[in-house]
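Quick note on labels: first sequence line is chain A, next is B, and so on, each numbered from 1.
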Amino acid sequence: MRAGAATHKRAPMRLTNYFLPLLKETPSDATIASHQLMLRAGMVRQNAAGIYTWLPLGHKVLKRIEQIVREEQNRAGAIEMLMPTIQSAELWKQSGRYDAYGPEMLRITDRHDREMLFGPTNEEMLTDVFSSFVRSYKDLPKMLYHIQWKFRDERRPRFGVMRGREFLMKDTYSFDLTPEDARKSYNKMFVAYLNTFERLGLKAIPVRAETGPIGGDLSHEFVILADSGESAVYADRDLVEMNAPGTDIDFGGDLQSVVDQRTALYAAADEMHDADAFAAIPEDKRMEARGIEVGHIFYFGTKYSEPFNAKVQGPDGKPSLVEMGSYGIGVSRLVGGIIEASHDENGIVWPASVAPFGAGIINLKVGDAECDGVAEELYAKLSEAGLDPLYDDSSDRGGVKFSRMDLIGLPYAVTVGPRGVRDGVVEVKDRRTGERESLSVEAAVAKLTG
RNA sequence: CGGGAUGUAGCGCAGCCUGGUAGCGCAUCUGUUUUGGGAACAGAGGGUCGCAAGUUCGAAUCUUGCCAUCCCGACCA
């Protein structure tokens, strides 16, 4: 993306050339804030229950989130690839999940009447690919991931993109020789997730999750705190206030202490909640909140390596099944999740890291040579600094422009009007705080890019 | 999948009970005046009333079936 920015030139993003179909009134189908705001801000359009078209503004945010997720996976040593959306039923029969999955799986037959399905996840497929190439323990450990659309035919899709049927997900799969090594992979993802969510402007906490037949403590859900969250979360306040380890952490080093530091503190969702353990926390540290699950990591041992006979030869010459784990992040769900965690009565408040545009430029008197000149100058300088501004060059009235910028939630709005221009200033408004200040063009650019 | 509700213009809704020319607000288009927080006036366009059968001289309205969407619950990134 960085490299692309230098070579990928495009015309200035003027609102009059953009495709931003806003809604003034809230569609009656939407009941939670993120869904309402995504529809009103022209980010998505529903095509069927739980299936959405990503309009330009929503698409930009989706891609920015995806890119942050990608960068942190790469940093942790995971390797990107891409598997298909449509899978053959054969693989799923081999793992036994073709029958186990039930009606949530969208089943399709092709023209030759072969059984296919729209993948709800990719354990089978990747284990199959992996086992067909890897023979030696020397090829381990490996973490492979892809970011791909998936489909789960939910009984009841709802909450817009937060619980859609078609959704974009990042899923990583780890392959190790021993359970001890698998824990190291698990720890890498644990840390990568903390850093990822912090970069996304979110407060995400790892909560203990059900581990299934494998047992152990190697399963965590990452939840973000928001009033509209679907499940109750109980946690030690110290955990919530803890910062992410930071992207300069050494993924080649021992991460156990970093993980222990967090898992030692109480945090659980409804299903795993232990009232006694929670009561043991000092009262002022106890926190009950609502949470939205945005990530899930877990170790599942040889559950899939067994049916696919994914074995490697160890140093002792003996073949052994690979130890696996899988690690998901709901990328499209995060778009809604971030809005749930960050909005106000006027609209969305994007964290700068995922905002569709870095700033908005509002020209209050389009056609006035001086205003046009200052707005163009601002646009050029902010673009030059890589801020990717959106220039509102429409002939709408001021009030319309202001409320529109508030709705789409860009971090800053810079207003250029005849009054300010006369005095050599523009007005910079911080979307989050609402603070406004009059600054010279140079000072405004410095403030936004500094 | 159980329970509840709704489908009428792009969006939000009224009309249905009691059958008789399909309406309102916003948005859109034209014109004039406006223009620093969702402008005013004048005019215009836009609808197989979710679909299909039925009852009737006549159905948005009554009956039956189907489809779609949403809400609450149980389950999931």
Side-chain angles (χ1 to χ4, degrees), chain A residues 21-32 35-36 39-40 42 45-51 65 69 101-105 119-122 147-172 193 197 204 209-210 219-224 230-231 269-271 291-298 326-337 346-347 362-368 371 392 394-407 413-423 425-427 429 434 436 438:
Chain A
L22 304 184
L23 302 178
K24 193 164 189 175
E25 287 171 278
T26 301
S28 57
D29 279 353
T31 54
I32 64 165
H35 191 194
Q36 294 176 342
L39 292 170
R40 288 193 49 211
R45 154 121 179 143
Q46 180 170 324
N47 295 299
I51 299 176
I65 294 172
V69 169
Y101 222 92
E104 291 225 327
M105 180 188 280
T121 177
N122 291 69
I147 300 173
Q148 177 65 292
W149 291 93
K150 306 207 174 345
F151 196 93
R152 292 184 194 166
D153 201 354
E154 295 276 348
R155 290 189 200 87
R156 186 177 160 218
R158 64 186 124 169
F159 304 148
V161 300
M162 301 249 292
R163 180 92 181 259
R165 291 194 291 174
E166 186 179 58
F167 56 97
L168 186 62
M169 186 173 165
K170 184 284 302 175
D171 43 327
T172 306
Y193 274 36
F197 295 124
E210 304 202 36
S219 177
H220 286 87
E221 286 178 358
F222 286 76
V223 302
I224 56 177
E230 45 199 338
S231 57
D270 264 340
E271 326 80 64
I292 300 168
E293 185 188 348
V294 290
H296 194 173
I297 61 177
F298 62 102
S326 81
Y327 315 86
I329 289 181
V331 177
S332 51
R333 168 179 283 193
L334 274 166
V335 179
N346 296 319
I362 293 176
N363 184 347
L364 284 177
K365 197 167 185 183
V366 175
D368 175 87
C371 288
D392 185 344
S394 71
S395 56
D396 293 321
R397 302 166 68 87
V400 174
K401 298 189 182 203
F402 294 132
S403 55
R404 178 163 50 214
M405 279 299 174
D406 286 345
L407 175 63
V414 186
T415 301
V416 179
R419 232 153 56 192
V421 166
R422 208 178 304 129
D423 302 334
V425 296
V426 295
E427 183 188 89
K429 178 184 165 187
R436 305 172 202 196
S438 292

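Searching all strands for a Watson-Crick or G-U wobble partner of B/C49 with both distances below 3.5 Å returns nothing. Under the Watson-Crick or G-U wobble criterion, with both distances below 3.5 Å, B/G20 is paired with B/C57. The base-pairing partner of B/A9, taking Watson-Crick or G-U wobble contacts with both distances under 3.5 Å, does not exist among the strands shown. Within the shown strands, nothing qualifies as a pairing partner of B/G36 under the Watson-Crick or G-U definition with both distances less than 3.5 Å. Under the Watson-Crick or G-U wobble criterion, with both distances below 3.5 Å, B/C1 is paired with B/G73. For B/C41, the paired nucleotide is B/G31, the pair qualifying as Watson-Crick or G-U wobble because both relevant distances are below 3.5 Å. The partner of B/A14 is absent, by the rule that a Watson-Crick or G-U pair needs both atom distances under 3.5 Å.
Annotation: B/A42 and B/C24 have their P atoms spaced 14 Å apart (nearest Å). Comparing the C1' positions of B/G38 and B/U34 gives a spacing of 15 Å, expressed to the nearest Å. Taking atom P in both B/U61 and B/A52, the straight-line distance is 12 Å, to the nearest Å. Across B/C67 and B/C51, the matching C1' atoms stand 7 Å from one another, rounded to whole Å. For the P atoms, the distance from B/G47 to B/G31 is 23 Å, rounded to whole Å.
A/Arg404 comes within contact range of no nucleotide atom at all, as no heavy-atom separation falls under 4.0 Å. Residue contacts for A/Val294: at a heavy-atom cut-off of 4.0 Å it reaches the sugar-phosphate backbone alone, with no base atom in range. Here A/Leu23 lies out of heavy-atom contact (under 4.0 Å) with every strand. When heavy atoms are screened at a 4.0 angstrom cut-off, A/Arg165 is found touching no nucleic acid atom at all. Contact annotation for A/Ser403: base contact, defined as any heavy-atom pair under 4.0 Å involving a base atom. If you check every strand for non-hydrogen atoms under 4.0 Å, A/Ala48 touches sugar and phosphate atoms only. Nucleic acid contact class of A/Gly164 (heavy atoms, under 4.0 Å, all strands): base. Across all strands, A/Arg436 comes closer than 4.0 Å to base atoms (heavy-atom distances). A/Ser332 comes within 4.0 angstrom of no nucleic acid atom, judged by non-hydrogen atoms across all strands. Using a 4.0 Å heavy-atom distance criterion, A/Pro418 is classed as a base contact. Residue-level contact check: A/Gln46 touches the backbone only, with heavy atoms under 4.0 Å from sugar-phosphate atoms and none from bases. Within the 4.0 angstrom heavy-atom criterion, base atoms lie near A/Gly417.
Counting non-hydrogen atoms of neighbouring residues, nucleotides and ligands closer than 6.0 angstrom, the NZ atom of A/Lys365 reaches no more than 12 such neighbours.
With respect to the salt-bridge test (charged N to carboxylate O, under 4.0 angstrom), the residues A/Arg156 and A/Glu230 do not qualify.
Taking atom CZ of A/Arg45 as the reference point, atom C1' of B/C11 lies 11 Å away to the nearest angstrom. Per the geometry, CG belonging to A/Leu39 stands 16 Å off C1' belonging to B/A27, to the nearest Å. Put simply, CD1 on A/Ile51 is 11 Å from P on B/C70, counting in whole angstrom units. Rounding to whole angstrom units, CG of residue A/Asp29 and P of B/U6 are separated by 14 Å. In this structure, A/Asp423 atom CG and B/G36 atom P are separated by 17 Å, rounded to whole Å. The distance between atom CD of A/Glu25 and atom P of B/U28, rounded to the nearest whole Å, is 12 Å. One can place NZ of A/Lys401 at 15 Å from C1' of B/A39, the figure rounded to the nearest angstrom. For A/Leu364 and B/U34, the CG to C1' distance is 15 Å, given to the nearest whole Å.
An OP1 or OP2 oxygen of B/G38 is reached within less than 4.0 angstrom by no side-chain nitrogen or oxygen of A/Arg397. Neither OP1 nor OP2 of B/U35 sits under 4.0 Å from any side-chain N or O of A/Ser395. Side-chain nitrogen and oxygen atoms of A/Lys24 include none within less than 4.0 Å of the OP1 or OP2 phosphate oxygen of B/G38. Of the side-chain N and O atoms in A/Thr415, none sit less than 4.0 angstrom from OP1 or OP2 of B/G36. Taking only side-chain nitrogens and oxygens, A/Arg152 never comes nearer than 4.0 Å to OP1 or OP2 of B/C75.
Closest-nucleotide positions on RNA chain B for A/Arg156 and A/Met169 were compared, and the one nearer the 5' end corresponds to A/Arg156. Nearer to the 5' terminus of RNA chain B, by closest-nucleotide assignment, is the contact made by A/Asn346 (compared with the other of A/Asn346 and A/Met162).
Contact of the A/Glu166 side chain with the A/Trp149 side chain is registered, since non-hydrogen atoms from C-beta on lie closer than 4.5 Å. Side chains of A/Tyr101 and A/Arg152 form a contact here, defined as non-hydrogen atoms less than 4.5 Å apart. Between A/Gln148 and A/Asn122 there is no side-chain heavy-atom pair separated by less than 4.5 Å. Put simply, the side chain of A/Ile329 does not reach to within 4.5 Å of the side chain of A/Phe222, judged on heavy atoms. Side-chain atoms of A/Pro21 and A/Arg45, non-hydrogen and from C-beta on, never get closer than 4.5 Å to each other. A/Met405 is not listed as a side-chain neighbour of A/Thr415, based on a closest heavy-atom distance of 4.5 Å or more.
Contact annotation: side chain of A/Arg40 to base of B/G38, donor-acceptor pair present below 3.5 Å. Within 3.5 Å, a donor on the side chain of A/Asp406 pairs with an acceptor on the base of B/G37, or the reverse. Counting distance only, with no hydrogens placed and no angle test, the side-chain atoms of A/Arg163 and the base atoms of B/C75 include a donor-acceptor pair under 3.5 Å.
With centres under 5.5 Å and a plane angle under 30° as the test, the ring of A/Phe402 is not stacked against the base of B/G38.
A/Phe298 and A/His296 have tilted rings, their planes meeting at an angle from 30° to 60° on a 0 to 90° scale.
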